[in-house]
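For reference, positions follow the sequence shown, starting with 1. No hydrogens, no waters, no symmetry mates; every other heavy atom, side chains included, goes into these values.
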Amino acid sequence: MSRKFFVGGNWKLNGDKKSLGELMDTMNAAKVDPNVEVVCGAPSIYLDFVRSKLDAKFGVAAQNCYKVAKGAFTGEISPVMIKDCGVNWVILGHSRDATSSERLIGQKTAHALESGLSVIACIGEKLDEREGGITEKVVFAQTKVIADNVKDWSKVVLAYEPVWAIGTGKTASPQQAQEVHDKLRGWLKANVSEAVASSVRIIYGGSVTGATCKELASQKDVDGFLVGGASLKPEIIEIINAKL
């Protein structure tokens with residue numbers, strides 16, 4: 001089954017209206033592969049601004065949300081608020097979201113999907129877990145928490161982001177990424193369904209750059225990227241066009 005290539009840009013805690021405006025001008029003017037779905041993860045305070053300025057061919061994501069629609073949860077944002085800004089995606093479980101337990105990530109996922117958002121759900125092992133040979137055990141357990149809260153997999157993109165490769169300049173080799181993605185697809189086949197295993201997009205995150213993107217994109221089970229630092233630079237165009 002053909003899976004549409006997906007590139008998410010996670011801007012994290014970066015940018016202001018001036019610099020993000022310039023980045024969006026660059027993206028809007030660029031020639032990008034029409035067969036790639038692109039979604040930009042903006043700081044929550046700029047969601048309205050980004051959605052109003054970014055070309056409609058690009059999606060926008062919040063970088064997190066809470067598990068309920070409203071209440072006395074100072075500093076949190078809800079899927080209802082995100083949708084009210086015209087935004088249809090949310091990133092959940094990113095490794096830097098240190099306040100969330102696995103259970104809470106599952107609850108956030110369920111609520112976001114029930115509220116009509118699509119979810120980029122992040123999983124990934126720490127360096128000591130990879131060195132200890134338990135990568136599969138860790139990512140399968142994290143995937144199970146997400147899977148237990150998903151009814152419609154067409155609204156979910158699974159992002160494998162090894163924690164040791166985020167913001168460190170280290171990247172999993174294309175072979176390491178492919179191996180984990182292949183194992184994840186096998187887990188989905190055994191524990192969800194063959195249809196979901198073949199259709200769900202599994203993207204790779206962790207210091208993806210213009211220099212590393214083409215070889216990573218050539219791997220059979222790598223369906224795109226969740227890009228950090230490079231998503232704030234014109235280099236993101238090269239990454240979006242990695243399959244060309």
Side-chain angles (χ1 to χ4, degrees), residues 6 8 10 12-13 39 41 44 61-69 71 73-79 82 89-168 172 176-177 179-193 196-197 200-207 221 223-226 228:
F6 185 100
N10 184 5
K12 303 180 184 174
L13 180 62
V39 175
S44 60
Q63 296 177 9
N64 198 1
C65 71
Y66 201 51
K67 65 179 180 178
V68 294
F73 304 101
T74 304
E76 297 286 358
I77 61 171
S78 71
I82 293 166
W89 285 87
V90 64
I91 300 168
L92 291 175
H94 192 275
S95 63
R96 299 288 173 87
D97 174 21
T99 57
S100 293
S101 64
E102 290 301 324
R103 182 167 173 265
L104 180 54
I105 290 165
Q107 292 169 327
K108 289 178 176 183
T109 300
H111 182 60
L113 291 168
E114 285 161 7
S115 303
L117 290 179
S118 294
V119 173
I120 301 168
C122 301
I123 57 173
E125 81 282 11
K126 300 187 176 88
L127 184 58
D128 61 328
E129 291 167 338
R130 174 165 278 274
E131 289 177 344
I134 58 167
T135 293
E136 284 176 45
K137 180 183 173 186
V138 171
V139 298
F140 289 171
Q142 293 170 340
T143 305
K144 184 180 188 308
V145 173
I146 293 159
D148 287 347
N149 288 281
V150 175
K151 295 190 180 92
D152 181 1
W153 280 92
S154 70
K155 298 278 198 175
V156 177
V157 171
L158 205 54
Y160 168 58
E161 284 219 325
V163 178
W164 51 270
I166 297 169
T168 62
Q176 284 174 318
E179 182 182 9
V180 176
H181 285 221
D182 177 58
K183 294 275 173 59
L184 282 167
R185 221 173 280 289
W187 187 93
L188 289 167
K189 184 177 177 180
N191 294 277
V192 183
S193 75
V196 166
V200 75
R201 291 173 292 183
I202 306 175
I203 62 175
Y204 172 74
S207 303
D221 290 294
D223 302 315
F225 308 115
L226 187 55

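- Here the straight-line distance linking atom OG of Ser44 with atom CD of Glu76 works out to 10.0 Å at 0.5 Å rounding.
- Ring centers of Trp187 and Tyr160: at least 6.0 Å apart, outside the cut-off.
- Taking the side chain as every heavy atom from C-beta outward, Leu188 and Trp153 approach each other to under 4.5 Å.
- How far CD1 of Ile203 is from CG of Leu226: 5.0 Å, rounded to the nearest 0.5 Å.
- Taking Arg185 as the reference, Asp221, Asp223 meet the salt bridge (charged side-chain N to carboxylate O under 4.0 Å, His left out) condition, with sequence neighbours excluded.
- Counting heavy atoms from C-beta on, the side chains of Arg130 and Val180 come closer than 4.5 Å.
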Which is it for Lys12 and Ile166 under the side chain to side chain contact (heavy atoms under 4.5 Å, CB included) test, yes or no, and what are the steps along the way? CA-CA 12 Å; Lys12 303 180 184 174; Ile166 297 169; 3.6 Å; yes
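- Among all heavy-atom pairs drawn from Pro79 and Ser115, the shortest one is CB-CB, 3.5 Å.
- For the atom pair CD of Glu179 and CD of Glu136, the computed distance is 7.0 Å after rounding to the nearest 0.5 Å.
- The closest side-chain donor-acceptor pair between His94 and Gln63, if any, does not fall under 3.5 angstrom.
- Of the listed residues (Ile120, Asn64, Val157), just one forms a side chain to side chain contact (heavy atoms under 4.5 Å, CB included) with Ile91, and that residue is Ile120.
- A distance of 9.0 Å separates OG in Ser78 from CG in Leu117, rounded to the nearest 0.5 Å.
- Taken from CD1 in Ile123 to CD1 in Ile202, the straight-line distance is 7.5 Å, to the nearest 0.5 Å.
- The nearest pair of heavy atoms linking Lys126 to Glu129 is N-OE1, 2.8 Å.
- Contact record, Tyr66 with Leu104: CE1-CD1, 4.4 Å, taken as the closest heavy-atom pair.
- Within the 4.5 Å cutoff, no side-chain heavy atoms of Glu161 are placed close to those of Asn10.
- The shortest non-hydrogen separation linking Ile82 to Trp89 is CG2-O, 4.1 Å.
- Trp164 approaches Ala172 most closely through the heavy-atom pair CH2-CA, 3.7 Å.
- Proximity of a side-chain donor or acceptor of Gln142 to a complementary backbone N or O of Gly124 within less than 3.5 Å is detected.
- Contact between Pro162 and Tyr204 at its shortest, heavy atoms only, is CD-CE1, 3.6 Å.
- Residue pairs satisfying the salt bridge (charged side-chain N to carboxylate O under 4.0 Å, His left out) criterion with at least one member in residues 147-159, sequence neighbours excluded, are listed as follows: Lys144-Asp148.
- Residues Val156 and Leu113 have side chains in contact (heavy-atom distance under 4.5 Å, counting atoms from C-beta outward).
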